[in-house]
Structure formats: structure tokens, C-alpha cells
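To start, I am sharing the structure in question, which I have written as C-alpha cells.
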2 protein chains.
Amino acid sequence: MAGKVAERRAALRENLVLIAERTIADHGLGALRARDLASEAGCAVGAIYNVFGDLTDLVLTVNARTFHRLGADVAEALADAPQDPVEQLVVMAQAYHRFAAENHQSWRALFDVERAPGEAAPDWYLEEMGRLFTYISDPLAVIFPDRDSQEHALLTRALFSSVHGIVLLGLDEASAGVPSDDIDRMIALVLRQLTASRK
Amino acid sequence: MAGKVAERRAALRENLVLIAERTIADHGLGALRARDLASEAGCAVGAIYNVFGDLTDLVLTVNARTFHRLGADVAEALADAPQDPVEQLVVMAQAYHRFAAENHQSWRALFDVERAPGEAAPDWYLEEMGRLFTYISDPLAVIFPDRDSQEHALLTRALFSSVHGIVLLGLDEASAGVPSDDIDRMIALVLRQLTASRK
DNA sequence: CCTATAACTGAACTACGTTCAACTGAGGGT
DNA sequence: ACCCTCAGTTGAACGTAGTTCAGTTATAGG
């Protein structure tokens, strides 16, 4: 029987990712423990390190899946959105807010994982981020046909960052009690105002 | 001699805060270790726990100081700013950016410290945050005299969150290589556009 | 069936924050 | 000047993490 080892290896890997995903989603990144993970997966702690370099690797794998789901949600919102490019931006941003709210712990894990200093962001991160940026810059190109691509890039990043900041601080417990509707209102306010042609 | 104990206690407290402040500023929150701290302060590890409940308490004390310096920098920028309320907002936001860039690790520690779930944010945090929000809402009241205070509050929060998001993602290593000038450009772009009266 | 090789095991190691029984010394009573 | 008391101080020890690796087990190929 060929590949029996590789099969089990792959199965264990899948299993570990699923368990870690559920643990993070339910109890946050801080609740992820190697021993609990091994116990739930029915394997020894050492087995985790045959499949992943360390726990951060595992978390990054979970994050890749989370980021992908996020991208898919935003894309879906865009597909259902009206033709008006400004409304497309609003709908996407609110989909981002929705995803963050409904997957709060998983979403936070995207940013809370500690990256080794000096290490580049993983490829999947840059790719998925690029995809999100494209979703934003396409409507922007329609709204501002006279600006060049460099201006589009800057505006795209500014816009994404602004929405991210609004959602981040809005969902934060420290600034407790920003109602979900207010977050959506701020998003719409910022986007409509930012995309209103001046003069 | 009265109060000799209290004196040493206060001196130790001051000393620990200064050492922790320097450690965080130089090497980040993650580099703060109880044993190193005690070793540098010339006391036993247990002594730390006579002065602070735990290391998080110490970090919160450092954060209070950091936040206060941040508020002072923004206030100073406001004092030197032109009369135009829009320019005041731009100048303050760029002062925020400047502070975050020049005190990157200390600034990150403001948000990276893990708050016990369900625990309210400390008073000094809410007070300092309120002060920052006042700096923002005052010019806004001049720019939008016809809107009510609830709208001002929403706009203030939206504005702060947007600037925070731009600085946060701009300084992040993952999205490596956003030049400082571009961050300032995005800030100015967002603020000028957000404060341009519609119609 | 046997053997070389790969995977798996879990006790042990390191590195944390935190605690607490034992110790020290300052301040007041005699 | 002397002790007595107790708050302050100490650092070894504890609990809990992530990670490692020598010993064990199972697989694939000859």
C-alpha cells in the first residue's frame, strides 16, 4: 500500500487545522495550546511538530483560510451590489464589517499572530490583500477616471485602512458600546464623502 | 525616621516603570520579563509584586504615560497649528502619525496589552481618549456648525478611527514599505475630503 | 520475511509569570 | 540601649506554556 503514511499525515494536518480553527473561533488565539490540540486530535504533542514547524505555522495556516473566507464574503457582496461604484465600495466595506463582527476572534487572530521581526509576510497574505485592493481600486477607477494609477493606489490603501480602523476600534471592547449600526453609518459616511468629487 | 519604607517603595515603583518604559520602547512589549526587570532594578522578582499586582499592571502604568505623551504631542501640534479648522485636523493627525512612528514599540504596546475579557478599560484611558476626541470635535464643530452633537460624535470617531487605521497599516511591517510621506498624504487626503462640505 | 527508514511517542527541557514560607530590619514601647 | 512585632523583602519553588529528542513503533521495498 503506497502512501499510507502521507495519507495519515495529510489527515492529521487537516484535523489539526480544523481543531485549531474551531478553538480560535470559539475562544480566541490565546486559547490555543499544544497539549490540548494534541489531546483533541488524539495524537502526541510531538506529532504536531512533524506537520507544522511550530504553532505559529499552524496559526498562519488557519489565518490563510480565514483571510480567504473574508475575501470570498467581500467578493460575494460585490457580486450582489448595485452598479453604482460608490455603493459597491459601501457594500464591500459593510461586508468587511459583518465578517469581522461575526468572526471576531478569527478575524483578530489575523493581526494578533506575532510575526518574527524582519520576516516577510507570507505570499498568501500579499495575494489575498492584493485581491481585496483590486476590489476597491476597480470602482475607484470608475469614480476617478482622470487620476493616474499611483493616485488610485494611494486612495485604495487610504480607503481600506480607514474602514479597517473604523471596524477595529468599533469592535474593540475598550471603546465599548459602539453599536453595529453606528459602525455601518461611519463606513458609509467616510466612503461617500471620500468619493465625492471635490470642487 | 518616618516613611522610610514608603520612600523606598515609591523609588522602586518609579524605577520599575522607567526600566519597563525603556525596555518596551527599545525592544517591544514582548521583551518585558519579570526576571530581567528585577535584575535591572536590583531587586527580587517578588518585590515587583509588592508594587504592582502583576506585569500587566506595570505595562498599563507605562501605557498611561505613553498615552499622556501622545496627547501632549497632539496638543502641542494643535497649539502651533493655523486657525483653519481643517488644517488643525491635518496637523494633529500628522502629529499622531509622527508620534506613532517615533515611538513605534511604545505606541504598539498601547493596543497589544491583553485586557482581561469583560474588564472595563482603565479610567486614564477613557479620559485621555476623551481629551483626544475633544481636540477633534472642536474643529469639527466649526466646520459643521449645522450638525448636532450626535453627528459630531460619530464623525469624530470615524475620523479618529480612519487616521488610526492609516497609521496602523502604514507602519505595519506586513504591508512593508509605505513611505512616511505617503502616510501623511493619505491622512491629508482623507481629512480634507471628509471635511469638505457636501452638495 | 527482514531490514532500513520514516513517523510517532511522551517525558524532559527551557522559559515564562506568579506565589509564599522564611528572613530581615525598621519603629515603637520599656 | 534593648527587644519585639510585623510589614517589607527575598528567591526558591510551582504551574503552565512551547519545543525537543532518544527511544519505540510501523511502513515500504527488496
Side-chain angles (χ1 to χ4, degrees), chain A residues 1-21 23-24 26-63 105 109 112-117 119, chain B residues 1-17 19-24 26-63 105 109 112-117 119:
Chain A
M1 281 194 207
K4 211 174 190 179
V5 179
E7 257 175 50
R8 263 199 304 175
R9 214 181 132 94
L12 175 62
R13 187 187 164 89
E14 184 94 358
N15 204 10
L16 286 172
V17 170
L18 290 176
I19 293 169
E21 197 164 39
T23 302
I24 292 173
D26 290 350
H27 304 104
L29 187 57
L32 197 69
R33 267 168 282 269
R35 283 168 182 77
D36 295 351
L37 205 56
S39 154
E40 276 198 70
C43 71
V45 279
I48 298 170
Y49 294 88
N50 289 329
V51 182
F52 296 98
D54 56 25
L55 282 197
T56 298
D57 273 4
L58 171 54
V59 172
L60 287 176
T61 303
V62 172
N63 278 355
Q105 301 276 37
D112 286 352
V113 62
E114 49 185 315
R115 290 165 291 242
E119 188 159 353
Chain B
M1 283 195 203
K4 207 174 191 179
V5 179
E7 254 175 52
R8 264 198 302 174
R9 216 181 131 96
L12 176 61
R13 187 185 164 89
E14 185 94 359
N15 205 9
L16 286 173
V17 170
I19 294 168
E21 198 163 37
R22 189 163 42 82
T23 304
I24 292 172
D26 290 350
H27 304 104
L29 186 56
L32 196 69
R33 265 166 282 268
R35 283 169 182 77
D36 295 350
L37 205 54
S39 154
E40 274 198 70
C43 71
V45 279
I48 298 171
Y49 294 88
N50 290 331
V51 182
F52 296 99
D54 54 25
L55 281 197
T56 299
D57 274 3
L58 171 55
V59 172
L60 287 177
T61 304
V62 172
N63 278 355
Q105 302 277 33
D112 286 353
V113 61
E114 49 186 311
R115 290 165 292 241
E119 189 159 352

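Every chain is numbered from 1 and lettered A, B, ... according to where its sequence line falls, protein lines coming before strand lines. Reckoned from all heavy atoms, side chains included, excluding hydrogens, waters and symmetry mates.
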For nucleotides 22-24 of chain C, tabulate all protein N/O to nucleotide N/O atom pairs closer than 3.5 Å, reporting atom names and distance.
none

- Partner set under side chain to side chain donor-acceptor pair (under 3.5 Å) for D112(B), not counting sequence neighbours: R108(B)

- Message: Just to verify, what does V17(A) make a side chain to side chain contact (heavy atoms under 4.5 Å, CB included) with, not counting sequence neighbours?
- Response: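 Checked V17(A) against side chain to side chain contact (heavy atoms under 4.5 Å, CB included); matches are F52(A), L58(A), T61(A), V62(A), R65(A).
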
- Task: Looking at every strand, decide which applies to L12(A) at a 4.0 Å heavy-atom threshold: base, sugar-phosphate, or nothing.
- Result: nothing

- L32(B) has an atom CG; how far is it from atom P of dA15(C), in whole Å?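 In whole Å, dA15(C) P and L32(B) CG are 17 Å from each other.
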
Side-chain donor-acceptor contacts of residues 33-50 of chain A below 3.5 Å, not counting sequence neighbours, with atom names and distances?
unit_1	atom_1	unit_2	atom_2	d
R33(A)	NE	D36(A)	OD2	3.3
E40(A)	OE1	R22(A)	NH2	3.1

- For residues 36-45 of chain A, which residues have at least one heavy atom under 4.0 Å from DNA chain C?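 Those residues are C43(A), A44(A), V45(A).
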
- Task: To the nearest Å, give me how far apart CZ (R13(A)) and C1' (dC8(C)) are.
- Result: 18 Å

- Quickly, which of T23(A), I19(A), L18(A), I24(A) forms a side chain to side chain contact (heavy atoms under 4.5 Å, CB included) with E21(A)? Name it, please.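 Passing option: L18(A).
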
- Tell me: CD1 of I48(A) to P of dG10(C), nearest whole Å? 13 Å

- Item | Which residues share a side chain to side chain contact (heavy atoms under 4.5 Å, CB included) with Q105(B), sequence neighbours left out | none

- Message: I need the residues from residues 49-59 of chain A with at least one non-hydrogen atom less than 4.0 Å from DNA chain D; give them sorted by number, or say none.
- Response: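 Contacts with DNA chain D under 4.0 Å: Y49(A), D54(A), L55(A).
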
- Side-chain-base donor-acceptor pair under 3.5 Å for R35(B) and dG17(C): yes

